[in-house]
There are 2 protein chains.
Amino acid sequence: MKLAQNINLAVDGIIFGYEDQSLFVLLIKQKYGSQKGKWALPGGFVLDNEKLIDAVKREVREETGVKVQYLEQLYTFGDNIDRDPRFRVVSVAYFGTVNPKHMILNPTTDALEAKWYAIDTIPKLAFDHSDIIKVALERLRSKLNYQPIGFNLLDSKFPFSDLEQLYMTILDQKIDRRNFRKKVLSLGFVEETDEFRKSGSGRPGKLFRFNSKKYKELEKKGINLDIKFA
Amino acid sequence: MKLAQNINLAVDGIIFGYEDQSLFVLLIKQKYGSQKGKWALPGGFVLDNEKLIDAVKREVREETGVKVQYLEQLYTFGDNIDRDPRFRVVSVAYFGTVNPKHMILNPTTDALEAKWYAIDTIPKLAFDHSDIIKVALERLRSKLNYQPIGFNLLDSKFPFSDLEQLYMTILDQKIDRRNFRKKVLSLGFVEETDEFRKSGSGRPGKLFRFNSKKYKELEKKGINLDIKFA
DNA sequence: CTTCAAATGCGTAAGTTTTACACAAATATA
DNA sequence: TATATTTGTGTAAAACTTACGCATTTGAAG
């Protein structure tokens, strides 16, 4: 049974990736619909018996081949009433992160093509997707300061300089290397391994690892991160 | 035109009020539906051409008589697939604040009765509304620390002790009166008036006022509040 | 093999913010 | 006039942030 309500529920996924000191967003070229051929966020309509987050996972998987690691609800965009001329669409946006290394893009179903776009090279997108990305980027930036959300974007073992570069890139600001290391290590959930960086010039740095179990313990105790830098 | 999608879109409003050192939530007793007679959050289905936030304002107004001041999107609850046995309901929850003083409750349409419940006396609610309130309360608490969200709950002019009590009540912790005043005044958007508290014992305190224009200026400059206390 | 540039690891002093508390001033009431 | 209550202001200690200096380890160049 259905009310006489002419609204369709969709989901969109804003999936961030990081590589070579740049932040990327996963986009698809639309195969069907009123905005055929335009680039857009992966997403689509929710199935009747499907949880919202599962709908996002499914759509991203179908349209890009990417299996998302971290995913959380961002915002529900429902006021763009003319988004589709045929009916109103309300879309629940989720934002997520993925380590794009070795992640093979494999567009199917509704997508002609899938591609990682560096955030400063994103073309004009379909619907209100440019605005949605802006909101997602703000959320990513603010979350970086109080949740260990950046680690999903790196390899599981990483030199400290990578983590530092990630923060500088996403926050778009300089960070003092030495103070950053001190601060992050003092938080207690980033631990050193006995491995070292293999390639590159200069003294090879130790590799570190994010200990999520430790983090959850600390989180439970109510310890706050407050990772801020100058 | 409508897809073959059996999902109905609703909104819920979590409206907080503060009075006499207690935090309240606005609830209604349901008149119709599968959970008739149970207490619930005000809310209802979205009209086809209605913005989500307007739907919340309308439903809260209709069901309780309350005209909400501050309102922002909280979260979209869509996984409780069995909420209504007749069809699936996805609900976009908004949380808001209101100064309940002189606010007359006037339930109509879907509500038998409307009432402010102190948050520690809330009965078992319909649907997943108890969970929704929990999420809203968390958001209110965390927002209090970095946005001037508490002022909507007070009169426009207030003694400092009221603001301090509000923070202590909502955050459920002791705050040092002197450090709190210093910190808040240093932020620069709470200004003193030349009026004084009228009643009560002890030395009458100056009344203060939230200057939202000043706050917006400071916000634009990127100044952060970080109102934390011991 | 020595020198150099680049990246890393560690430390410390100065500056800023937070925390903990003490006491004087203004009012109502007894 | 004395007392309880609430308000207004200050200040020292502790904690945290910021700004750097310098020695160490590596690969590459001479």
Side-chain angles (χ1 to χ4, degrees), chain A residues 20-21 144-146 154-155 157-169 171-209 218 221-230, chain B residues 20-21 144-146 154-155 157-169 171-209 218 221-230:
Chain A
D20 296 331
Q21 313 194 22
L144 215 51
N145 286 320
Y146 63 92
L154 296 176
D155 294 334
K157 294 174 189 174
F158 52 84
F160 234 98
S161 48
D162 275 16
L163 187 63
E164 182 198 318
Q165 264 301 333
L166 174 81
Y167 272 77
M168 289 200 282
T169 299
L171 298 176
D172 195 29
Q173 67 175 331
K174 271 193 196 154
I175 293 173
D176 183 274
R177 180 176 64 84
R178 296 152 290 188
N179 292 337
F180 179 82
R181 170 192 266 254
K182 238 183 307 182
K183 180 68 190 252
V184 171
L185 286 179
S186 78
L187 298 173
F189 53 76
V190 174
E191 59 193 19
E192 67 177 50
T193 68
D194 47 10
E195 293 173 61
F196 287 82
R197 201 195 64 215
K198 289 276 175 16
S199 62
S201 72
R203 175 176 175 174
K206 269 216 184 77
L207 297 185
F208 289 78
R209 176 178 23 219
L218 295 169
K221 287 189 200 161
I223 285 172
N224 86 319
L225 306 199
D226 210 16
I227 314 178
K228 296 206 190 102
F229 320 94
Chain B
D20 297 330
Q21 314 194 22
L144 214 52
N145 285 321
Y146 63 93
L154 296 176
D155 295 335
K157 293 173 189 175
F158 51 85
F160 233 99
S161 48
D162 275 16
L163 186 63
E164 181 199 318
Q165 263 302 333
L166 174 81
Y167 271 77
M168 288 200 282
T169 299
L171 298 177
D172 194 28
Q173 65 175 330
K174 271 193 195 154
I175 293 173
D176 183 275
R177 179 175 67 84
R178 295 153 292 186
N179 293 337
F180 178 83
R181 171 191 265 253
K182 238 181 308 181
K183 179 69 190 251
V184 171
L185 286 178
S186 78
L187 297 173
F189 53 77
V190 174
E191 58 193 22
E192 66 175 53
T193 68
D194 48 8
E195 292 173 60
F196 287 82
R197 201 197 62 214
K198 290 277 175 18
S199 62
S201 72
R203 175 175 175 175
K206 269 215 184 78
L207 298 185
F208 289 79
R209 175 176 27 215
L218 295 170
K221 287 189 201 162
I223 285 172
N224 87 317
L225 306 198
D226 210 16
I227 315 177
K228 297 206 189 103
F229 320 96

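Letters A, B, ... mirror the listed sequences (proteins, then strands); counts begin at 1.
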Engineer: Could you go step by step and tell me if A/L163 and A/L154 meet the side chain to side chain contact (heavy atoms under 4.5 Å, CB included) rule?
Structural biologist: CA-CA 8 Å; A/L163 187 63; A/L154 296 176; 3.7 Å; yes
Engineer: Using heavy atoms to find the nearest nucleotide of DNA chain D for A/G200 and B/F208 separately, return the residue whose nucleotide is more 5′.
Structural biologist: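 Mapping each residue to its closest nucleotide by heavy atoms, the 5'-most match is B/F208.
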Engineer: What is the distance from atom OH of B/Y167 to atom CG of B/D172, rounded to the nearest 0.5 Å?
Structural biologist: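 Result: 15.5 Å between the selected atoms.
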Engineer: Please list, chain by chain and in numerical order, all residues satisfying ring pair (Phe, Tyr, Trp, His ring centres under 6.0 Å) with B/F208, sequence neighbours excluded.
Structural biologist: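 If we apply the ring pair (Phe, Tyr, Trp, His ring centres under 6.0 Å) test to B/F208, skipping adjacent residues, the hits are B/F160.
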Engineer: To the nearest Å, how far apart are B/F160 CZ and D/dT5 C1'?
Structural biologist: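 The distance from CZ of B/F160 to C1' of D/dT5 comes to 20 Å, rounded to the nearest Å.
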Engineer: Which atoms form the tightest heavy-atom contact between B/L185 and B/V190, and what is the distance?
Structural biologist: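 It is CD2-O, 3.6 Å.
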Engineer: Provide, to the nearest angstrom, the distance between the CD atom belonging to B/Q21 and the C1' atom belonging to D/dT6.
Structural biologist: 13 Å
Engineer: Please give the angle, rounded to 10 degrees, between the axes at the start and the end of the helix from C/dC1-D/dG30 to C/dA30-D/dT1, where five pairs define each axis.
Structural biologist: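 End-to-end axis angle for the helix from C/dC1-D/dG30 to C/dA30-D/dT1: 10°, rounded to 10°.
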Engineer: Distances under 3.5 Å between protein N/O atoms and the N/O atoms of nucleotides 4-7 of chain C, please, pair by pair.
Structural biologist:
residue	atom	partner	partner atom	Å
C/dA7	O3'	A/R197	NH1	3.1

Engineer: For nucleotides 11-17 of chain C, print each protein N/O atom paired with a nucleotide N/O atom at under 3.5 Å, atom names and distance only.
Structural biologist:
residue	atom	partner	partner atom	Å
C/dT12	O4	A/K182	NZ	2.7

Engineer: Does B/K198 or A/K206 map to a spot on DNA chain C nearer the 5' end, using the closest nucleotide for each?
Structural biologist: A/K206
Engineer: In whole angstrom, what separates A/F180's CZ from C/dG9's P?
Structural biologist: 13 Å
Engineer: Separation of A/E192 atom CD from C/dT8 atom C1', in whole Å?
Structural biologist: 13 Å
Engineer: Mind checking the CD-CD spacing from B/Q21 to B/Q165? Nearest 0.5 Å is all I need.
Structural biologist: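 Rounded to the nearest 0.5 Å, the CD-CD separation comes to 4.0 Å.
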Engineer: In Å, rounded to the nearest 0.5 Å, how long is the span from CG of A/D162 to CG of A/D155?
Structural biologist: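 Nearest 0.5 Å value for the CG-CG distance: 7.5 Å.
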Engineer: Calculate, to the nearest 0.5 Å, the distance between atoms OG1 and CD belonging to A/T169 and A/E164 respectively.
Structural biologist: 10.0 Å
Engineer: Starting at atom NZ of B/K174, determine the distance to atom P of C/dT19, rounded to an integer number of angstrom.
Structural biologist: 16 Å
Engineer: Please name the pair of heavy atoms, one in B/D176 and one in B/N179, separated by the smallest distance, quoted to 0.1 Å.
Structural biologist: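 So the two residues come closest at OD1-N, 2.9 Å.
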Engineer: Whole angstroms only, please: what is the CZ-C1' distance between A/R181 and D/dA19?
Structural biologist: 18 Å
Engineer: Rounded to the nearest Å, what distance is computed from the CD1 atom of residue A/I175 to the C1' atom of nucleotide D/dT17?
Structural biologist: 14 Å
Engineer: Determine the minimum heavy-atom distance between A/F158 and A/R209, stating which atoms define it.
Structural biologist: CE2-CA, 4.1 Å
Engineer: Can you run down the side chain to side chain donor-acceptor pair (under 3.5 Å) pairs that involve residues 195-205 of chain B, sequence neighbours left out, and say none if there aren't any?
Structural biologist: B/K157-B/E195
Engineer: Taking only nitrogen or oxygen atoms into account, show me every contact under 3.5 Å that the protein makes with nucleotides 13-15 of chain D, one pair per line with its distance.
Structural biologist:
none

Engineer: Considering all heavy atoms of both residues, which atom of A/L187 and which atom of A/L218 are nearest to each other, and what is their separation?
Structural biologist: O-CD1, 3.2 Å
Engineer: A/L163 has an atom CG; how far is it from atom C1' of C/dT8, in whole Å?
Structural biologist: 15 Å
